[in-house]
Chemist: 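Input: one structure, supplied below.
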Amino acid sequence: MNPAVTVLAAIAYLEVKHLVCDFFLQTSHQIENKGTYGHPGGLVHAGIHMLGTIPIFFFYPVGLGAAAAVLAAEFIAHYHIDWLKNVIGEHYGWTTRDPAYWWAFGIDQFLHQLTYIVMVAVLILLSA
């Protein structure tokens with residue numbers, strides 16, 4: 001497959017995975033508890049994202065160690081992006097009626113998408 005097409009397919013897969021994991025599979029239990037550091041709700045949510053990423057290795061087959069490192073990095077990044085957004089929002093008492101809530105939500109989503117770009121870049125380098 002053309003390398004550019006592989007990159008686009010990998011990014012598209014990760015974006016669809018994000019949509020499914022963040023908006024269709026996420027439970028109210030996860031949403032309500034992501035601001036409590038170490039709470040199982042946030043850990044499960046990040047774990048679902050990590051598991052949903054596994055098919056990316058069909059695009060970029062790498063060794064088991066490299067795959068585990070990429071998955072662990074995504075878990076850690078996703079968990080902390082969500083946790084920080086929730087902690088800040090709770091600190092300031094932002095609700096859906098506040099513009100800052102939506103700014104934080106947008107930054108959260110942007111950081112997740114940026115994580116996927118970095119992951120694909122790392123996989124390109126590892127599979128070269």
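Positions are given from 1 along the sequence.
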Chemist: Is Glu74 salt-bridged to Lys17, cutoff N-O under 4.0 Å?
Modeler: yes
Chemist: Using ring centroids (six-membered ring only for Trp), state whether His29 and His45 fall under 6.0 Å.
Modeler: no
Chemist: Do the non-hydrogen side-chain atoms of His49 and Asp82 ever get within less than 4.5 Å of each other?
Modeler: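 A side-chain contact under 4.5 Å is absent here.
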Chemist: If I take atom CG from residue Leu84 and atom NE2 from residue His91, how far apart are they, to the nearest 0.5 angstrom?
Modeler: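 It comes to 12.0 Å.
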Chemist: Under 30°, 30 to 60°, or over 60°: which ring-plane class applies to Trp94 and Tyr92, parallel, tilted or perpendicular?
Modeler: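 Judged by the thresholds at 30° and 60°, the geometry between Trp94 and Tyr92 is parallel.
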Chemist: Is Ile54 reachable from Phe24 through a run of I, L, V, M, F, W or Y residues, each pair having side-chain heavy atoms under 4.5 Å apart?
Modeler: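 Both belong to a single hydrophobic cluster.
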Chemist: With the side chain counted from C-beta on, respond yes when Leu43 and Phe75 share a heavy-atom pair under 4.5 Å apart, and no when they do not.
Modeler: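 The answer is yes; the side chains approach within 4.5 Å.
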Chemist: State yes or no: do Ile76 and Ile81 share one hydrophobic cluster built from I, L, V, M, F, W and Y residues joined by side-chain heavy-atom distances below 4.5 Å, directly or via other members?
Modeler: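 Result: no, two separate clusters.
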Chemist: Drop me the distance from Asp108's CG to Asn86's CG, to the nearest 0.5 angstrom.
Modeler: 8.0 Å
Chemist: Do Tyr37 and His80 have ring centres separated by under 6.0 Å?
Modeler: yes
Chemist: Can you name the closest pair of heavy atoms from Trp83 and Gly35 and give their distance?
Modeler: NE1-O, 3.4 Å
Chemist: Checking Tyr60 against Val122 for the side-chain contact (heavy atoms from CB on, under 4.5 Å) test, could you report, in this order, the C-alpha distance in whole Å, the side-chain angles of both residues, the deciding distance, and whether it holds?
Modeler: CA-CA 10 Å; Tyr60 294 104; Val122 166; over 6 Å; no
Chemist: Angle class for the Phe23/His18 ring planes (parallel below 30°, perpendicular above 60°, tilted otherwise)?
Modeler: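 Correct class here is perpendicular.
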Chemist: Let's go through Val120 and Phe59 carefully: what are the C-alpha distance in whole Å and the side-chain angles of both, what is the deciding distance for side-chain contact (heavy atoms from CB on, under 4.5 Å) to 0.1 Å, and is it a yes or a no?
Modeler: CA-CA 10 Å; Val120 170; Phe59 297 99; over 6 Å; no
Chemist: How long is the gap from CG on Leu114 to CD1 on Ile107, to the nearest 0.5 Å?
Modeler: 12.5 Å
Chemist: Should Val70 and Phe57 be marked as a side-chain contact (heavy atoms from CB on, under 4.5 Å) after you check the CA-CA gap, both sets of side-chain angles, and the distance that decides it?
Modeler: CA-CA 10 Å; Val70 167; Phe57 301 113; 4.3 Å; yes
Chemist: State, to 0.1 Å, how close Val62 and Ala67 come at their nearest heavy-atom pair, and which atoms those are.
Modeler: CG2-N, 3.7 Å
Chemist: Atom OG1 of Thr53 and atom CG of Leu71: how far apart are they, to the nearest 0.5 Å?
Modeler: 6.5 Å
Chemist: Just how far is it from atom OH of Tyr116 to atom CD1 of Ile11, taken to the nearest 0.5 Å?
Modeler: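 Reported to 0.5 Å precision, the distance equals 10.0 Å.
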Chemist: Applying the 4.5 Å side-chain criterion to the ILVMFWY set and letting contacts propagate, would Leu19 and Tyr13 be lumped into a single cluster?
Modeler: yes
Chemist: Which heavy atom of Gly38 sits nearest to which heavy atom of Tyr79, and what is that distance?
Modeler: N-OH, 2.5 Å
Chemist: Do Thr115 and Met119 touch side chain to side chain, with heavy atoms closer than 4.5 Å?
Modeler: yes
Chemist: Please determine whether side-chain hydrogen bond (donor to acceptor under 3.5 Å, both in side chains) holds for the pair Gln26 and Lys34, giving the CA-CA distance in whole Å, both sets of side-chain angles, and the decisive distance to 0.1 Å.
Modeler: CA-CA 11 Å; Gln26 187 168 203; Lys34 290 190 294 187; 2.7 Å; yes
Chemist: Please say yes or no: joined through hydrophobic side-chain contacts below 4.5 Å, possibly via intermediate residues, are Ile31 and Tyr101 part of one cluster?
Modeler: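 No; Tyr101 is not reachable from Ile31 via cluster members.
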Chemist: Indicate yes or no for a side-chain donor-acceptor contact from Asp98 to the backbone of Ala100 under 3.5 Å, with no hydrogens or angles considered.
Modeler: no
Chemist: Walk me through it: do His39 and Val44 pass the test side-chain contact (heavy atoms from CB on, under 4.5 Å)?
Modeler: CA-CA 9 Å; His39 191 283; Val44 166; over 6 Å; no
Chemist: Report whether Leu25 and Met50 are members of the same hydrophobic cluster (ILVMFWY, side-chain heavy atoms less than 4.5 Å apart, transitive linking).
Modeler: yes
Chemist: Considering non-hydrogen atoms only, spot the tightest contact between Ser127 and Pro61 and give its length.
Modeler: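 Where Ser127 meets Pro61 most closely, the heavy atoms are CB-O, 4.2 Å.
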Chemist: Could you give the distance from NE2 (His78) to CD1 (Ile48), rounded to the nearest 0.5 Å?
Modeler: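 Reported value, rounded in 0.5 Å steps: 9.5 Å.
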Chemist: Less than 4.5 Å apart, side chain to side chain, heavy atoms only: is that true for Pro99 and Trp102?
Modeler: no
